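As the structure is a computational prediction, the values presented were derived from the model and not from experiment. In the text below, chain A, chain B and the rest are named by the order of the sequence lines, each starting its count at 1.
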Protein chains: 2
Amino acid sequence: MDDDYKRYIAAQARIFKALGHPSRLLMVDVLRRGEKCVCDLQALVGDDISTVSKHLSVLRDAGVVSSEKRGTSMYYRLTLGCLDNFLACTGALIEQRVLSQVRMIKAK
Amino acid sequence: MDDDYKRYIAAQARIFKALGHPSRLLMVDVLRRGEKCVCDLQALVGDDISTVSKHLSVLRDAGVVSSEKRGTSMYYRLTLGCLDNFLACTGALIEQRVLSQVRMIKAK
DNA sequence: CCATTTTGTGGCTATTTTGCCAAAAAGTCA
DNA sequence: TGACTTTTTGGCAAAATAGCCACAAAATGG
C-alpha cells in the first residue's frame, strides 16, 4: 500500500523530470499548439539532431508525447493534458520571484 | 524577445526539474496537506537528514516551497499552486499507460 | 537499385546530481 | 555557560545526464 504510493509518486516524478530540461520543455510548449516533425523541433532548439532525438525519446518514454511516422517524417504530439493551466501557475510563480528580487535590490 | 522566451522556459524547466525526483515530489505531495518540519519529512522519505535538507533547498531555490523557523524546528510549506489539478492529470496518464501495458501483455 | 532524406543508436567525454558522513550553525533548556 | 536538538554545509565518490560525432535504419524518389 505505502509501497504502491511510493511507486506512484516515482512514476509521476519521472514525468516532471522529463519536463525538467529547457530543450524538452521548449519542445513541449510548442507542441501544445499542434504536432511537429523532428526537423521542426530540431530547428527550434538548435541542438544536434541526435540530441533532439534523444530528448524526444525521454519525453516519449515518460508518456508526455507520442509519435507517428507519416511519409518520410516522424510527427510528435502532446499526450499530457493540463499543461496550460499548470504552466500559467509556474509562470505566476516566476513573475512573483522576479518581482521580489527587484524589491530586494531596491531595498539595498 | 525570443531570447526572453527561452529564459522564461528555462525558469519553468527549473521548477519541473525540482519536482522531478521521487523524494522531492513525495515531500511536495505531503506538503499539499499543510506545512511540515524537516524532521517529519525526514521520517517520510527515510533518507539521511542531510540529504533531505539538500532536497528541500532545491525546492526552495526553485520557489516551490518556503520555510520559516519557529522554535527549534524549520517548517516548510508549499508556495506553488495548481498542483492538485496537474497531479490528477499526470496520474491519469500513468493509469492509462499501465492499462495499455496490460493490454500489450494480454495480446501476446 | 542507388542516392538522398529523415530519424534513431552506439559510444564517448564532460558535467551534474545524489546521498552519505563529519562537522558547523543556530537555537533552546537546565 | 554548557549540553542538547534541529538543520545546514562541506566534501567526497558513485551514478546519472547531456551533447556531440559517426554510423545504422527506414522510407522515398529517380
Side-chain angles (χ1 to χ4, degrees), chain A residues 6-7 9-31 34-79, chain B residues 6-7 9-28 30-31 35-79:
Chain A
K6 286 209 174 182
R7 255 194 296 277
I9 291 290
Q12 277 179 320
R14 191 178 180 208
I15 295 175
F16 281 101
K17 189 175 183 178
L19 296 169
H21 184 285
S23 299
R24 292 196 291 262
L25 189 58
L26 181 58
M27 294 191 286
V28 164
D29 190 47
V30 166
L31 287 175
E35 64 173 22
K36 292 270 180 292
C37 68
V38 178
C39 50
D40 289 338
L41 297 169
Q42 192 274 327
L44 176 71
V45 307
D47 284 340
D48 190 278
I49 194 159
S50 69
T51 300
V52 172
S53 182
K54 281 181 184 173
H55 279 315
L56 285 169
S57 79
V58 171
L59 289 171
R60 186 154 30 80
D61 290 349
V64 174
V65 302
S66 67
S67 58
E68 183 196 0
K69 190 154 200 172
R70 282 206 309 279
T72 177
S73 294
M74 184 73 88
Y75 290 89
Y76 280 81
R77 83 166 53 88
L78 206 56
T79 51
Chain B
K6 285 208 176 184
R7 253 194 296 278
I9 291 290
Q12 276 179 321
R14 191 177 179 210
I15 295 174
F16 281 101
K17 189 175 183 178
L19 296 168
H21 184 285
S23 300
R24 291 196 292 262
L25 189 58
L26 181 59
M27 294 190 286
V28 164
V30 167
L31 287 175
E35 66 174 20
K36 293 270 181 290
C37 68
V38 179
C39 50
D40 289 337
L41 298 170
Q42 193 273 327
L44 176 72
V45 307
D47 284 341
D48 190 278
I49 192 159
S50 70
T51 300
V52 173
S53 181
K54 281 181 183 172
H55 279 316
L56 286 168
S57 79
V58 171
L59 289 171
R60 185 153 32 79
D61 290 349
V64 174
V65 303
S66 66
S67 58
E68 184 196 359
K69 189 153 199 172
R70 281 205 311 278
T72 178
S73 295
M74 183 74 88
Y75 290 89
Y76 280 81
R77 84 167 54 86
L78 206 55
T79 51

Handout entry: Nearest-angstrom distance from the residue atom CD of B:E68 to P of D:dT7
Key = 13 Å

Handout entry: Atom-to-atom span, CG of A:L19 to P of D:dT17 - whole angstrom
Key = 15 Å

Completion exercise
Considering only heavy side-chain atoms of B:I49, the closest of C:dC21, C:dT7, D:dT7 is D:dT7

Exercise for the section: Report which part of the nucleic acid B:S73 touches: base, sugar-phosphate, or nothing (heavy-atom distance under 4.0 Å, all strands). Expected result: sugar-phosphate

Exercise for the section: Could you state the atom-to-atom distance from CD of A:Q42 to P of D:dC21 in whole Å? Expected result: 12 Å

Problem - Contact under 4.0 Å: A:T51 side-chain N or O vs D:dC20 OP1/OP2 - result: yes

Practice task
Could you check whether A:S23 gets within reach of a base, just the sugar-phosphate, or nothing at all, counting any heavy atom under 4.0 Å?
Solution key: nothing

Problem - Among D:dA18, D:dT7, C:dT9, the nucleotide that comes nearest once only the side chain of A:R24 is considered - result: D:dA18

Fill in the blank from the handout: When B:R60 and A:T72 are each assigned the nearest nucleotide of DNA chain D, the 5'-most assignment goes to B:R60

Practice task
Let me know the distance between CG of A:D48 and P of D:dG19, rounded to the nearest Å.
Solution key: 11 Å

Practice task
Quickly work out the B:M27 CE to C:dT18 C1' distance and round it to whole Å.
Solution key: 13 Å

Exercise for the section: Determine the contact category for A:R70: base if any of its heavy atoms lies under 4.0 Å from a base atom, sugar-phosphate if only primed atoms, P, OP1 or OP2 are that close, otherwise nothing. Expected result: nothing

Handout entry: Flag side-chain contact, heavy atom, 4.5 Å: B:M27 against B:K36
Key = no

Exercise for the section: Ignoring backbone atoms, establish whether B:H55 has a side-chain N or O less than 4.0 Å from OP1 or OP2 of C:dT17. Expected result: no

Practice task
Write down the distance between NZ (A:K36) and P (C:dT7), rounded to a whole number of angstrom.
Solution key: 14 Å

Handout entry: Nearest-nucleotide pick for B:M74, side chain only, options being C:dT7, D:dT7, C:dC20
Key = D:dT7

Completion exercise
Between B:S67 and A:K54, the residue closer to the 5' end of DNA chain D by nearest nucleotide is B:S67

Exercise for the section: May I ask you to test the B:S66-B:R60 pair for a side-chain heavy-atom distance under 4.5 Å? Expected result: no

Practice task
Indicate yes or no: at least one non-hydrogen side-chain atom of A:R24 is less than 4.5 angstrom from one of A:V45.
Solution key: no

Exercise for the section: Describe the nucleic acid contact of B:S57 in one word from base, sugar-phosphate, nothing, applying a heavy-atom distance below 4.0 Å. Expected result: nothing

Exercise for the section: Looking at every strand, decide which applies to A:L56 at a 4.0 Å heavy-atom threshold: base, sugar-phosphate, or nothing. Expected result: nothing

Exercise for the section: Report the distance from atom NE2 of A:H55 to atom CG of A:L41, rounding to the nearest 0.5 Å. Expected result: 11.5 Å

Handout entry: Under 4.0 angstrom between A:H21 side-chain N/O and D:dG19 OP1 or OP2
Key = yes

Problem - Residue B:K17, side-chain atoms from C-beta onward, closest of C:dT17, C:dG19, C:dT9 - result: C:dT17

Problem - Sugar-phosphate, base or nothing in reach of B:Y76, heavy atoms under 4.0 Å - result: sugar-phosphate

Exercise for the section: With the side chain counted from C-beta on, respond yes when B:D47 and B:Q42 share a heavy-atom pair under 4.5 Å apart, and no when they do not. Expected result: no

Fill in the blank from the handout: A:Y75 OH to C:dT5 C1', in whole Å, measures 13 Å

Exercise for the section: Compare all side-chain heavy atoms of A:E35 with those of A:R70 and state whether any distance is below 4.5 angstrom. Expected result: yes

Problem - Interatomic distance where CG belongs to B:D40 and P belongs to D:dT5 [whole Å] - result: 17 Å

